[in-house]
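Each remark here refers to the structure printed beneath this line.
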Amino acid sequence: MSARSLTRLGDLAAAGLIPADAVPALAPVAQRYAVAVTPDMARLIESPEDPIGRQFLPRPEEAVTLPEESADPIGDHPHSPVKGLVHRYPDRVLIKITHSCPVYCRFCFRREMVGPAGHGNLNAGELDTIGAYLAAQPAVREVIVTGGDPLMLSARRIRALGERLAPLAHIRLVRWHSRVPVVAPGRITADLASALAFSGKANYVAVHANHAREFTPEAAAALARLHAAGIVLLGQSVLLKGVNASEEALLDLFSTMLAHRIVPLYLHHPDLAPGTGHFRMSLAEGQALYGRLRGRISGPGLPAYVLDLPGGHGKVEIGPDAVIGREGGIALVRDSHGQVHRYPEG
């Protein structure tokens, strides 16, 4: 296997990851949406249909855009007061510092913006503008650094961001959202991990992983380096047909996260990004599946099942409601086995 990421259909075919005769049909997909598979992930792919292959290998279905799908499915643009920053909630902002990724997920909600032809990286002047905006927003307590994948940055550039945020005492938390610790774990050097530990801030990395097989020994070592630097690890995943849409796959994923000292934070329902309909269950199917997980894993291992509403209206929890009705002063409560119990509310 080549030591570099595979970014062309011919590379994928030569590595035996896709059939050579599939290249012509996939060409329109690869022209529109960036392709990259790291050596670490390529080694895990057994076929285009396995849980790893489905996440990273282009498919003909991506050429089909449904009427409800959008290039900005969660409404970032209306909440961007300055370039590269999204301010949707009163107490926190997103900084989209880069639009490069080590891998390009086939379900990505920013797939129209990332990649070599995407929106690029923020320059020093743009980061200065963001810094000035944040200085004038004392209600903002948390900065979430995203992209693309922000851990594609060098340790030097990460430290430079920390120097901009350090004087802003009202910003208390910095959270990085990244695939790097599992898909390109060699990038998590001790120097990069220490760069993420901004002085005077609570520092988190939200690790995006969708299947337990992504946690290789190399990933475990990268996560250990982040822990050693004092970084708190959270987990986020996307519920994907053909990847993890079963009780056993999700339980294995979340318990594996816990074993690596990652607290699962979010299980995302897939966003309405172009060409991703083949990944999405219905909300009712997702709720039923999520409901069956309750009682099968401890509280810290069960993330919130969430949906980012189109149009920029934010994130909502969509797990099944345990209280299914009321009769007088009695609540009807459904347990993890589907049985209904009467609970006196007083």
Should Leu165 and Ile130 be regarded as members of a common hydrophobic cluster, given that ILVMFWY residues are connected when their side-chain heavy atoms come within less than 4.5 Å of each other, either directly or indirectly? yes

When you measure from the side chain of His79 to the backbone of Pro81, do you find a donor-acceptor pair of N or O atoms at a distance under 3.5 Å? no

Would you say that Met257 contacts Gln236 through its side chain, given a criterion of any heavy-atom pair below 4.5 Å between the two side chains? no

Name all pairs fulfilling the side-chain hydrogen bond (donor to acceptor under 3.5 Å, both in side chains) condition that reach into residues 195-206, sequence neighbours left out, sorted by first residue then second. none

Pairs flagged by salt bridge (Lys or Arg N to Asp or Glu O under 4.0 Å) wherever residues 258-286 is involved - sequence neighbours left out: Glu69-Arg280

Give, for atom NE2 of His170 and atom CG of Leu134, the distance between the pair rounded to the nearest 0.5 Å. 6.0 Å

Can you pull out every side-chain hydrogen bond (donor to acceptor under 3.5 Å, both in side chains) where at least one residue sits in residues 216-226? Sequence neighbours excluded, please. Thr216-Glu218

Report yes if some heavy atom in the side chain of Val180 is under 4.5 Å from a heavy atom in the side chain of Pro102; otherwise report no. yes

Check the pair Thr38 / Arg179 against side-chain hydrogen bond (donor to acceptor under 3.5 Å, both in side chains), numbers first and verdict last. CA-CA 11 Å; Thr38 60; Arg179 274 287 221 173; over 6 Å; no

Closest non-hydrogen atoms of Tyr104 and Ala34, given as atom of the first, atom of the second and distance, are CB-O, 3.3 Å

Side chain to side chain donor-acceptor pair (under 3.5 Å) filter on Arg110, not counting sequence neighbours, yields Asp76, Thr146

If hydrophobic clusters are built by linking Ile, Leu, Val, Met, Phe, Trp and Tyr wherever their side-chain heavy atoms come under 4.5 Å apart, do Leu223 and Val232 end up in the same one? no

Mind telling me whether His260 and Phe215 have parallel, tilted or perpendicular rings, with 30° and 60° as the class edges? parallel

Distance in Å, Leu258 CG paired with Thr256 OG1, rounded so as to fall on 0.5 Å steps: 9.0 Å

Joining Ile, Leu, Val, Met, Phe, Trp and Tyr whenever any side-chain heavy atoms lie under 4.5 Å apart, the cluster holding Val29 also takes in Tyr33

Checking the side chain of Arg187 only, and the main-chain atoms of Leu151 only, is there a donor and an acceptor separated by less than 3.5 Å? yes

Transitive ILVMFWY side-chain link Ile171 to Leu127, under 4.5 Å: yes

Does a side chain donor of either Gln287 or Arg292 reach within less than 3.5 Å of an acceptor in the other side chain? no

Can you find a heavy atom in the side chain of Leu122 that is under 4.5 Å from one in the side chain of Thr98? no

Quick one: OH on Tyr290 to CG on Leu239, what's the gap to the nearest 0.5 Å? 11.5 Å

Salt bridge check: are Arg213 and Asp50 linked by an N-O gap of less than 4.0 Å? yes

Carboxylate-amine/guanidinium contact Arg111 Glu62, below 4.0 Å: yes

With side chain to side chain contact (heavy atoms under 4.5 Å, CB included) as the criterion, how do Phe56 and Cys105 come out once you've worked through the C-alpha distance, each side chain's angles and the decisive distance to 0.1 Å? CA-CA 5 Å; Phe56 304 123; Cys105 303; 3.9 Å; yes

If every non-hydrogen atom of Leu153 is compared with every non-hydrogen atom of Leu192, which pair is closest and at what distance? O-CD1, 3.6 Å

By side-chain contact (heavy atoms from CB on, under 4.5 Å), Ala25 pairs with (sequence neighbours left out) none

Which is it for Met113 and His99 under the side chain to side chain contact (heavy atoms under 4.5 Å, CB included) test, yes or no, and what are the steps along the way? CA-CA 7 Å; Met113 310 170 199; His99 283 81; 3.9 Å; yes

Given side chains that start at C-beta, do those of Leu94 and Val145 come closer than 4.5 Å, heavy atoms only? no

In terms of heavy-atom contacts, Leu289 and Ser246 come closest through CD1-C, 3.7 Å

Hydrophobic clusters here meaning ILVMFWY residues chained together by side-chain heavy-atom distances under 4.5 Å, can you tell me if Leu85 and Ile158 are in one? yes

Does the side chain of Gln55 come within less than 4.5 Å of His211's, by heavy atoms? yes

Under a 3.5 Å distance rule, please check whether Ser80 uses its side chain to pair with a backbone N or O of Val82 as donor and acceptor. no

To which residues is Phe279 joined in a hydrophobic cluster, defined by side-chain heavy-atom contacts under 4.5 Å among Ile, Leu, Val, Met, Phe, Trp and Tyr, whether direct or through other members? Phe107, Val238, Leu240, Val243

Enter the distance from Phe254:CZ to Ile262:CD1 here, rounded to the nearest 0.5 Å. 12.0 Å

Heavy-atom nearest pair, Leu44 first then Glu214, reads CD1-CA, 4.2 Å

Pro150 and Gly148: which non-hydrogen atoms are nearest, and at how many Å? CD-O, 3.9 Å

Can you tell whether the side chains of Glu248 and Arg296 come within less than 4.0 Å, N to carboxylate O? yes

Please tabulate, for the side chains in residues 297-309, all donor-acceptor contacts under 3.5 angstrom to protein atoms that are two or more places apart in sequence or on a different chain.
from	atom 1	to	atom 2	distance (Å)
Tyr305	OH	His269	ND1	2.7

Distance in Å, Ser237 OG paired with Asn210 CG, rounded so as to fall on 0.5 Å steps: 5.5 Å

Any donor-acceptor N/O pair, Ser5 side chain to Thr7 backbone, under 3.5 Å: no

Determine which pairs satisfy side-chain hydrogen bond (donor to acceptor under 3.5 Å, both in side chains) with at least one residue from residues 134-145, sequence neighbours left out, and list them in order. Glu142-Arg175

For Arg342, what residues pass the salt bridge (charged side-chain N to carboxylate O under 4.0 Å, His left out) criterion, not counting sequence neighbours? Glu327

Taking C-beta and beyond as the side chain, do Tyr266 and Lys315 meet within less than 4.5 Å on heavy atoms? yes

Other than Leu66, what residues sit in its cluster of Ile, Leu, Val, Met, Phe, Trp and Tyr side chains whose heavy atoms are under 4.5 Å apart, directly or through others? Val64

What do the steps show when you test Leu173 against Val143 for side chain to side chain contact (heavy atoms under 4.5 Å, CB included), and what is the final call? CA-CA 6 Å; Leu173 294 83; Val143 168; over 6 Å; no

Do Asn244 and Pro51 touch side chain to side chain, with heavy atoms closer than 4.5 Å? no

Hydrophobic cluster identity match, Ile95 and Phe198, side-chain contacts under 4.5 Å: yes

The reported gap from OG1 in Thr276 to NE2 in His278 (rounded to nearest 0.5 angstrom) is 7.5 Å

Minimum heavy-atom separation for Arg326 and Ala331, please, with both atom names. CG-CA, 4.1 Å

Sequence-distant partners of Arg164, salt bridge (charged side-chain N to carboxylate O under 4.0 Å, His left out), two or more places apart: Asp128

Test log, rule side chain to side chain contact (heavy atoms under 4.5 Å, CB included), inputs Ser100 and Asn121: CA-CA 8 Å; Ser100 297; Asn121 299 339; 4.3 Å; yes

Is Val182 close to Val207 at the side-chain level, that is, under 4.5 Å between some pair of heavy atoms? yes

Under 3.5 Å: donor-acceptor pair, side chain of Asn123, backbone of Glu126: yes

